[in-house]
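Written below as structure tokens is the structure these notes are about.
Both ligands and their constituent atoms are indexed starting at 1 by order of listing.
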Amino acid sequence: MYGMVNKAVEEMVCMHHGEPVWEQIKARAGVDVDVFMTNEGYPDEMTYRLVAAASEVLDVPAAGILEAFGEHWVLHTARNAYGGLLSAAGRTLPEFLGNLPDFHSRVAMIYPNLQPPRFECTEVTDTSLRLHYHTHRPGLAPFVIGLVQGLGKMYGTPVTVQLVESRERGAPHDVFDLRWSATAAP
Ligand code: HEM
């Protein structure tokens, strides 16, 4: 994955726990990188090791780390560095979600080696939809939950996210049920 991902994990940990804790997490993960380069590729496995080490050092389940990271990604990383991309994708939560399937193709114009997830929206109503999440990477459903909750906060539209079909439980891909209040509908 592009270095921006590891960099954002670092930023989140340092913001809440300080740099010495981040150094401890990196050492535990066996990651010997001083500065992650946003535009360079790093093995996915490195990111998984950092999440596992953060889980051990902070004594929070890996799912909790990934969920917090999803929120952080939207509310800090994306907002600060890619605000234009975010705001172009929607004025409301439902509008943004409707554009999510095309979102990473815009990101890929800047980062051509991107291996993005694929999203699909079905059963769309004014206040709910089913979000289908396709990826070759395992274990990232909690990250998606955090991302959607971060989007809800960004738009001031509280949203509930429930994993209703899970790849870990044998489904072909993860499916989330998303619900928000009617006032958010465009
Ligand atoms: C401007 C905002 C965003 C940027 C720049 C961005 C960029 C990226 C990058 C660089 C990766 C790593 C993949 C790679 O390097 O090959 C990634 C992965 C991912 N992104 Fe985004 N993204 C953004 C917003 C979002 C949003 C809003 C969502 C969903 C609600 C999302 C969902 C994901 C997921 C789930 C992954 C994990 C990889 C996978 O599932 O295979 N991203 N994104």
Side-chain angles (χ1 to χ4, degrees), residues 1-12 33 36-51 62-63 65-122 124 128-155 157-163 165-168 171-180 184:
M1 287 197 257
Y2 274 105
M4 69 170 90
V5 176
N6 296 335
K7 213 172 160 164
V9 175
E10 172 177 357
E11 185 194 67
M12 175 181 78
V33 176
F36 290 108
M37 306 303 287
T38 301
N39 295 306
E40 259 174 42
Y42 295 84
D44 283 8
E45 190 236 334
M46 189 182 274
T47 309
Y48 281 94
R49 285 211 314 269
L50 286 169
V51 170
I65 303 280
L66 285 169
E67 223 176 289
F69 181 49
E71 275 208 32
H72 182 89
W73 180 261
V74 170
L75 294 174
H76 298 275
T77 318
R79 235 186 193 173
N80 294 340
Y82 308 96
L85 262 180
L86 274 189
S87 51
R91 285 166 296 119
T92 62
L93 177 70
E95 198 177 304
F96 189 97
L97 293 170
N99 288 325
L100 191 54
D102 293 326
F103 187 81
H104 284 87
S105 52
R106 292 184 207 162
V107 177
M109 288 181 194
I110 322 174
Y111 299 102
N113 295 325
L114 195 74
Q115 290 176 28
R118 192 164 62 78
F119 289 105
E120 200 187 333
C121 299
T122 61
V124 180
S128 66
L129 57 77
R130 293 245 151 157
L131 184 67
H132 297 250
Y133 165 50
H134 303 263
T135 177
H136 64 281
R137 299 181 175 101
L140 297 182
F143 179 46
V144 174
I145 292 176
L147 284 160
V148 173
Q149 273 160 354
L151 288 169
K153 287 187 181 172
M154 187 176 87
Y155 286 108
T157 303
V159 54
T160 60
V161 191
Q162 216 187 337
L163 182 63
E165 284 177 40
S166 162
R167 204 164 69 163
E168 275 175 20
H173 62 268
D174 292 331
V175 182
F176 303 88
D177 182 72
L178 272 52
R179 287 171 193 274
W180 57 89

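- The proximity of L114 to ligand 1, defined as any non-hydrogen pair under 4.0 Å, involves the side chain as well as the backbone.
- Remark: Y42 engages F36 in a ring-ring contact (aromatic ring centres under 6.0 Å, His included) (not counting sequence neighbours).
- Atoms of ligand 1 found under 4.0 Å from any heavy atom of M4 (numbered from 1 in listed order, with element): 10 (C).
- Scanning for side-chain hydrogen bond (donor to acceptor under 3.5 Å, both in side chains) contacts around E11 gives H72, with sequence neighbours left out.
- Taking a cut-off of under 4.0 Å to the non-hydrogen atoms of Y2, the atoms of ligand 1 that pass are 14 (C), 15 (O).
- Considering backbone and side-chain atoms alike, H136 places every N or O at 3.5 Å or more from each N or O of ligand 1.
- Each protein N, O or S atom less than 2.8 Å from atom 21 (Fe) of ligand 1 was counted, giving 1.
- Distances from atom 26 (C) of ligand 1 to the heavy atoms of L100, N99, I110, L85 put L100 nearest.
- Of the heavy atoms in F143, only side-chain atoms (C-beta onward) come closer than 4.0 Å to ligand 1.
- A heavy-atom separation below 4.0 Å is not found between V148 and ligand 1.
- With a 4.5 Å cut-off on side-chain heavy atoms, R79 and M154 count as touching.
- Contact annotation: for Q115 versus ligand 1, heavy atoms closer than 4.0 Å belong to both the backbone and the side chain.
- Within ligand 1, the atoms closer than 4.0 Å to a non-hydrogen atom of V144 are 35 (C), numbered from 1 in the order shown.
- Not a single ring-ring contact (aromatic ring centres under 6.0 Å, His included) links Y48 to another residue, sequence neighbours left out.
- In this structure, the side chains of R118 and E120 come closer than 4.5 Å at one or more pairs of heavy atoms.
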